[in-house]
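Just so it is clear: chains get the letters A, B, ... in the order the sequence lines come, proteins before strands, and each one is counted from 1.
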There are 2 protein chains.
Amino acid sequence: MTSTTKVVPDIVIGRLPLYLRALTYLAEESRELTSSQELSDRLGISPAQIRKDLSHFGEFGKQGTGYNILFLSQQLQRILHLAEEWEVVLVGAGDLGHALVHYGGFEGRGFRIAVVFDRDPQKIGKKLGESEIFDVEAMPTIIKDMGIKVSIIAVPASDAHTVADTLIESGVRAILNYAPITLSVPPHVQVQYIDPVIHLQRMTYYLA
Amino acid sequence: MTSTTKVVPDIVIGRLPLYLRALTYLAEESRELTSSQELSDRLGISPAQIRKDLSHFGEFGKQGTGYNILFLSQQLQRILHLAEEWEVVLVGAGDLGHALVHYGGFEGRGFRIAVVFDRDPQKIGKKLGESEIFDVEAMPTIIKDMGIKVSIIAVPASDAHTVADTLIESGVRAILNYAPITLSVPPHVQVQYIDPVIHLQRMTYYLA
DNA sequence: TAGATTGTTAATCGATTAACAATC
DNA sequence: TAGATTGTTAATCGATTAACAATC
């Protein structure tokens, strides 16, 4: 019998970034303390669940007082491995790629788009954000050299799986996939999906 | 005692668009039939769960044979209210707004960005996609006139809640929110969120 | 001290899975 | 008929919630 390491449920992990985001807004309001009740009001997640989620990782609050906002933020950043900034590789320099590079929301939240690839010769060599656009052919070399572990796929669906395979063989361990396909990846690789149509279709079910 | 209408769990509704997307790819391969096992292989959702999910809405397959791809697609489109195309209002004509308008992925999947708003006088009056960019001040009038029910928020976080409130008072019932804040909305309004950083932070937890 | 709020336990609730009769 | 696969039931598994002792 091997030891059964108590794993924190993935659904709990998925809520931690929401807690962190809410805490960041509270900190901007120059607040010092908060409570599971206040976080609940802001996030629509029950106070009991917030306390239970946090309890998987330690004791971060004080009875009668609540949570110190900066302290809890720091702890969540540590738990989520956001103490240092992750360099991100972006594949796809189309409209979406441009929007992502010019998006200010990565800064201060743990990520920086450090290198961009595309396969279009018209785009290769041009500057995009802090990076030049490189040929996808150069992906394995450059990604390995830079030691990049986090990626964003913003290419058409037809190219996405090939790109994912190349990213993985280049050492990438996390993929944020904007292409509307499910990727098949080995267990050590994390994948998250963003497909706006999936979200819209989920809502229209509830419309008369 | 009021009658307890058996409600289909929201988590089930959330998977239906994935089934529909997979079926669309199968149809493009000119296939006629599929099975819960094949959908499982493509989606990473168990065959039992797929069958159970579908059983909430009727019997769409044949024992020993499986599911007719076009028939099941049609049924899912009907269930999700995608038989007709929804006109969508986009608020925010920045980089993200441009990317969304030029994104080809809405067509044929039930949505069309029919009107765009921004508050920047430099942008108002210019063309974006099939719409002119209108002043956000005109939102209530135009949205009510057009009878639009579905929206996308692509403005900075600081403006997002005001925009959401205006959308709701204009009759919108579904909001896809790209701003990194949780919205507080009445129960008859659906909200879905897209924040790439949340997805990235969820993955880095698993990276050494 | 009185009031507030945590961390945790146990109960409840809900979702997933396994298994199989029905049947194409 | 033999093989395949659905739809459904019951069992299992896991997540959420309620409640409260501990304590700031």
*By salt bridge (charged side-chain N to carboxylate O under 4.0 Å, His left out), which residues pair with B:Asp195, not counting sequence neighbours?*
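In terms of salt bridge (charged side-chain N to carboxylate O under 4.0 Å, His left out), with neighbours along the sequence ignored, B:Asp195 is linked to A:Arg21, A:Arg109.
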
From [X] atom [atom1] to [Y] atom [atom2], the distance as rounded to the nearest 0.5 Å:
X: B:Ile113; Y: B:Ser151; atom1: CD1; atom2: OG; value: 11.0 Å
X: B:Tyr19; Y: B:Ser36; atom1: OH; atom2: OG; value: 10.0 Å
X: A:Ile181; Y: B:Leu43; atom1: CD1; atom2: CG; value: 11.5 Å

Interatomic distance, [X] [atom1] vs [N] [atom2] [rounded to whole Å]:
X: A:Leu54; N: C:dT5; atom1: CG; atom2: C1'; result: 13 Å
X: A:Phe60; N: D:dT23; atom1: CZ; atom2: C1'; result: 19 Å
X: A:Asn68; N: C:dT6; atom1: CG; atom2: P; result: 13 Å
X: B:Phe57; N: D:dG7; atom1: CZ; atom2: P; result: 13 Å
X: B:Gln63; N: D:dT5; atom1: CD; atom2: P; result: 12 Å
X: A:Ile45; N: D:dT17; atom1: CD1; atom2: P; result: 10 Å
X: B:His56; N: D:dT6; atom1: NE2; atom2: C1'; result: 16 Å
X: B:Glu59; N: C:dC24; atom1: CD; atom2: C1'; result: 13 Å

*asked:* Between A:Glu59 and A:Arg51 (salt bridge meaning N to carboxylate O under 4.0 Å), is one present in this structure?
replied: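 Salt bridge absent between A:Glu59 and A:Arg51.
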
*Based on Watson-Crick and G-U pairs with both distances under 3.5 Å, what dot-bracket line describes DNA chain D 5' to 3', crossing pairs as [ ] and inter-strand pairs as |?*
..||||||||||||||||||||||

[X] side-chain N/O to [N] phosphate OP1/OP2 under 4.0 Å:
X: A:Thr65; N: C:dT5; answer: no
X: B:Arg51; N: D:dT6; answer: yes
X: B:Tyr67; N: D:dA4; answer: no

*Criterion side-chain contact (heavy atoms from CB on, under 4.5 Å) on A:Phe134 and A:Val115, from CA distance to verdict*: CA-CA 8 Å; A:Phe134 294 100; A:Val115 59; 3.6 Å; yes

*Can you label the angle between the A:Phe57 ring and the B:Tyr205 ring as parallel, tilted or perpendicular, going by 30° and 60°?*
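A:Phe57 vs B:Tyr205 ring planes: perpendicular.
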
_Would you call the rings of A:His98 and A:His102 parallel, tilted or perpendicular, taking 30° and 60° as the class edges?_
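It falls in the tilted class, 30° to 60°.
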
Every protein N/O within reach of nucleotides 14-16 of chain D N/O, cut-off under 3.5 Å:
unit_1	atom_1	unit_2	atom_2	d
D:dT16	OP1	A:Arg15	NH1	3.1
D:dT16	OP2	A:Arg15	NH2	3.0
D:dT16	OP2	A:Gln49	NE2	3.0
D:dT16	O5'	A:Gln49	NE2	2.8

*Does the side-chain contact (heavy atoms from CB on, under 4.5 Å) test come out yes or no for B:Leu76 and B:Leu54, once each step is laid out?*
CA-CA 9 Å; B:Leu76 287 173; B:Leu54 296 176; 4.1 Å; yes

